[in-house]
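Since the structure comes first, as C-alpha cells, the remarks are kept for the end.
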Amino acid sequence: MRAENSAIARTSIAVPQGTDQPGLRAGTLLAALGVVAFSLTFPATAWGLEGFGPWSLVAVRSVLAAIVAGGCLLTLRVPHPARRHWAGLAVVAAGVVLGFPMLTTLALETSTTAHAAVVVGLLPLTTALCSALRVGTRPSRTFWAAASAGAVVVIAFTVQQSGGALSSADAYLFGALLVCAAGYTEGGRLARVMPGWQVIGWALVLCLPLTAPVATIALSQEPVRLTAHSVTGLLWVAAGSQFLGLVVWYRGMAAIGIPKASQLQLAQPLLTLVWSVLLLGERLTPAAPLTAAAVLVCIAVTQRARG
C-alpha cells in the first residue's frame with residue numbers, strides 16, 4: 001500500500017507542463033466542468049429547502065443519485081471493486097455523499113449562499129493539504145504561495161459579501177470543509193485505479209442501506225411542499241452535484257493531479273455568487289470583477305507550478 005501511495009503521489013504532481021498535452025487539457029476541462037456543477041449546489045440547495053426539510057433533502061438526493069449510479073453499474077455489468085478499495089470508498093461516501101451535503105444543508109437553513117461560499121474558498125487549500133498528508137504529494141513553494149493567496153482573496157471577498165458577520169452555521173461549514181477535503185482526496189486517489197464515475201457510483205450505492213431508511217423516515221416527519229423550485233433544486237443536487245459533477249471532477253483529478261485540480265475550485269465561490277444573483281436575487285458588489293481577475297491569476301500560477 002505504501003508503494004502504491006508513493007506511485008500515486010508522484011503521478012499526481014509530476015504533470016508535464018507542455019501545451020501539446022491533450023490529456024492534460026481534457027483533464028483540466030473535466031475538472032472545470034465539475035466546478036461549474038458544484039457552483040450550482042448551494043443555490044439549488046436553497047431552492048430545495050423551500051419545499052423539503054434538511055434531512056429529507058439530503059437523504060432523497062442521495063437515494064436518487066444512488067439509483068442513477070446503480071443503474072449505470074448494473075447496465076454496464078461493472079465488477080465489484082477490489083477489497084482493498086472499499087475503505088477508500090467509505091471515506092468518499094462519508095465525506096462527499098453524506099457529510100458535506102448534510103452539514104452544508106443544515107448551514108444553509110440560517111446562512112446565505114454567499115456566507116456558505118467561504119467554505120468553498122477554503123476547500124482547495126484544505127484538499128491540497130489532505131493530499132500532502134494522505135498520498136505524500138509535495139507541491140512547490142510557488143504552488144503553496146499562489147494557493148494561499150487565492151484562498152485569502154476568496155475568503156476576503158465572500159466575508160465582505162456576507163457583511164463580515166459570523167453565524168452559528170460556521171461550525172457546520174467548517175466541519176463540511178474537513179470531511180469534503182478528505183473525500184475529494186481519497187476519491188482522486190481511487191480515480192487513478194478505477195474510472196471516476198465508478199468511484200462516486202460505488203460510494204453512493206454503499207450509502208443506500210442508510211440513506212433509503214433515513215429518506216423514508218424524514219419524509220414522514222418533515223413537511224414537504226412540491227414547487228417548481230424545490231423539485232428543480234432536488235433534481236439538480238441529486239443528478240448534477242451528487243453524481244455527474246463528481247464523475248467529471250474525479251476524472252479530472254486523476255488526469256491532472258489532486259492539488260492542481262483542487263485549485264480550480266478557487267473560482268467556485270465567484271460562480272456561486274453569480275448563480276445567487278441570477279437564481280436567488282442576491283446582489284454582487286463592484287469588487288466582484290477585481291476578485292475574479294485576482295483568482296484567475298492565482299489559478300494560472302498553480303496550474304503552472306511544478307511539485
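Values below: every heavy atom of this structure, side chains too, minus hydrogens, waters and symmetry copies.
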Ignoring hydrogens and angles, tell me if any N or O in the side chain of [X] forms a donor-acceptor pair with the backbone of [Y] under 3.5 Å.
X	Y	result
Ser56	Ala218	yes
Ser220	Ile217	yes
Ser131	Thr127	no
Thr104	Pro101	yes
Glu222	Leu57	no
Ser230	Thr227	yes

Are [X] and [Y] close enough that some pair of their side-chain heavy atoms sits under 4.5 Å apart?
X	Y	answer
Leu98	Val58	no
Trp197	Val78	yes
Gln198	Pro81	no

May I ask you to decide if the ring planes of [X] and [Y] are parallel, tilted or perpendicular, using 30° and 60° as cut-offs?
X	Y	result
Phe100	Phe42	parallel
Trp47	His229	parallel
Tyr184	Phe38	parallel

Could you give me the CA-CA distance, side-chain angles and deciding distance for Leu234 and Leu64, then say whether side-chain contact (heavy atoms from CB on, under 4.5 Å) is met?
CA-CA 9 Å; Leu234 171 62; Leu64 292 177; 4.2 Å; yes

In a check of side-chain contact (heavy atoms from CB on, under 4.5 Å) between Tyr172 and each of Leu177, Leu108, Thr110, Leu106, which one passes?
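Looking at Leu177, Leu108, Thr110, Leu106, the match for Tyr172 under the side-chain contact (heavy atoms from CB on, under 4.5 Å) is Leu106.
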
Grab the two heavy atoms, one from [X] and one from [Y], that are nearest each other, plus how far apart they are.
X	Y	value
Ala254	Ala191	CB-O, 3.4 Å
Ala267	Val295	N-CG1, 4.0 Å
Pro54	Met102	O-CE, 3.8 Å

Could you list the residues that satisfy side-chain hydrogen bond (donor to acceptor under 3.5 Å, both in side chains) with Trp275, not counting sequence neighbours?
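Per chain and number, Trp275 pairs via side-chain hydrogen bond (donor to acceptor under 3.5 Å, both in side chains) with Ser39.
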
Should the pair Glu50-Arg225 be classified as a salt bridge under the 4.0 Å nitrogen-to-oxygen rule?
no

Does the side-chain contact (heavy atoms from CB on, under 4.5 Å) test come out yes or no for Val60 and Leu219, once each step is laid out?
CA-CA 9 Å; Val60 172; Leu219 288 172; 3.9 Å; yes

Could you tell me the separation between the CZ atom of Arg84 and the CG atom of Leu89, rounded to the nearest 0.5 Å?
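Output value for this atom pair is 11.5 Å.
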
Measuring from atom OG1 of Thr185 to atom CZ of Arg189, what distance do you get when rounded to the nearest 0.5 angstrom?
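If we round to the nearest 0.5 Å, Thr185:OG1 and Arg189:CZ are 10.5 Å apart.
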
Worked verdict on Ser241 versus Thr41 for side-chain hydrogen bond (donor to acceptor under 3.5 Å, both in side chains)
CA-CA 6 Å; Ser241 303; Thr41 299; 2.7 Å; yes

List the steps, then state whether ring-ring contact (aromatic ring centres under 6.0 Å, His included) holds for His80 with Trp202.
CA-CA 8 Å; His80 291 169; Trp202 286 116; 5.3 Å; yes

